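Here is the structure we will look at.
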Amino acid sequence: MSTGLIIALIVIVAVVVAVAAVLTLRARGPRHGASLKRRFGPEYERAVARHDGDAKAAERELSERVERHGSLQVRPLEPAERERYEARWTAAQERFVDAPREAVAEADRLIAELAGTRGFPADGQYEEQVAALSVHHAHHVEGYRRVHRVAQAHPDGAHEGAAGTEDMREAMVEARALFEELVRPSRHDGGRRGAAGERTAAPSTRRDGHRTPSLLHRRQAKES
């Protein structure tokens, strides 16, 4: 076989491999994007918006998050830990009536600490902690972002970025959903709560599963 024929065969094989790779990526792309949409829900749309509508760039970012944090093993809480966290959240809600800014700051600290206790990045790694939480709690992580932004806002209302009482109230309400997901036992925690855990259930949820208004909701109703 001549050298020219060998080179021609090599070129043909290389072209066939390249075409096959492109076709494979095209076929896989939509399915991959759909999978990320299902997994991340509203977080997928937020990522696309951050990338100015570039879905591919958003999907690369979300895929990287899954690679970094998808295998994270969430540590179960001991019953006594769960009771302490629930008691602290209740205290923060009660404090909101008289000191809303301090209550929001406590909620921000509390979620960061609780997430760290459960095995998510901690020790001031806010961005990495949020990225990891978005992989495992995509539908509620925005509440944590919001309460963190409000907690970090300048307290002087004359400055740009300052949060009003209503902003703080809404941030607390939205952040509570993530807190409840982090504090409740998961299917990997070894079953249902014991009696002590039931007695210290989150204050806005009755034992029959129906929600009762939180202090923040009651305060809003009174003001309106």
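Since this is a predicted model, take the numbers as computed values, not measurements.
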For [X], all residues meeting side-chain hydrogen bond (donor to acceptor under 3.5 Å, both in side chains), sequence neighbours excluded:
X	value
Gln129	Tyr144
Arg68	Glu128
Arg84	none

- Message: Working to the nearest 0.5 angstrom, can you tell me the gap between Glu83 CD and Arg88 CZ?
- Response: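 So the gap between those two atoms works out to 14.5 Å.
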
- Message: Return the CZ to CG distance between Arg109 and Leu114, rounded to the nearest 0.5 Å.
- Response: 14.5 Å

- Query: So does Arg176 pair up with Glu180, basic N to acidic O under 4.0 Å?
  - Reply: yes

- Item | Carboxylate-amine/guanidinium proximity below 4.0 Å for Glu142 and Arg149 |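 Yes, this pair counts.
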
For [X], side-chain contact (heavy atoms from CB on, under 4.5 Å) partners two or more places apart:
X	value
His137	Phe120, Leu133, Leu178, Glu181, Leu182
His51	Asp54, Ala57, Ala58, Glu61
Ala99	Arg95, Glu102

Residues two or more places apart in sequence or in another chain: which of them pass salt bridge (charged side-chain N to carboxylate O under 4.0 Å, His left out) with [X]?
X	result
Glu64	none
Arg39	none
Glu81	Arg75

For [Y], is there any backbone N or O sitting under 3.5 Å from a side-chain donor or acceptor partner on [X]?
X	Y	answer
Ser134	Ala131	yes
Gln125	Ala122	yes
Arg82	Val183	yes

Which atoms form the tightest heavy-atom contact between [X] and [Y], and what is the distance?
X	Y	result
Asp108	Val147	CA-CG1, 4.1 Å
Tyr44	Glu59	OH-OE2, 2.6 Å
Ala103	Ala92	CB-O, 3.3 Å
Ala153	Arg101	O-NH1, 4.1 Å
Arg118	Arg184	NH1-O, 3.5 Å
Ala132	Pro121	CB-CD, 3.6 Å

- Item | Derivation of the side-chain contact (heavy atoms from CB on, under 4.5 Å) call for Glu106 and Met172 | CA-CA 10 Å; Glu106 171 62 9; Met172 284 281 288; over 6 Å; no

- Message: Do Leu77 and Pro185 make a side-chain contact, defined as non-hydrogen atoms from C-beta onward lying under 4.5 Å apart?
- Response: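 When only atoms from C-beta onward are counted, Pro185 and Leu77 do not touch, as no gap falls below 4.5 Å.
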
- Report yes if the side chains of Arg46 and Arg145 come closer than 4.5 Å at any heavy-atom pair, otherwise no. yes

- Message: Using the ring-ring contact (aromatic ring centres under 6.0 Å, His included) criterion, which residues pair with His148? Sequence neighbours excluded.
- Response: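 So His148 forms a ring-ring contact (aromatic ring centres under 6.0 Å, His included) with Tyr126.
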
- Message: Show, in sequence, the C-alpha distance, side-chain angles and deciding distance for Glu43 and His139, and conclude whether the side-chain contact (heavy atoms from CB on, under 4.5 Å) test is met.
- Response: CA-CA 7 Å; Glu43 187 69 9; His139 289 269; over 6 Å; no

- Message: Could you walk me through whether Phe40 and Val135 satisfy the side-chain contact (heavy atoms from CB on, under 4.5 Å) test, starting with their C-alpha distance in whole Å, then the side-chain angles of each, then the deciding distance to 0.1 Å, before giving a yes or no?
- Response: CA-CA 7 Å; Phe40 282 94; Val135 173; 4.2 Å; yes

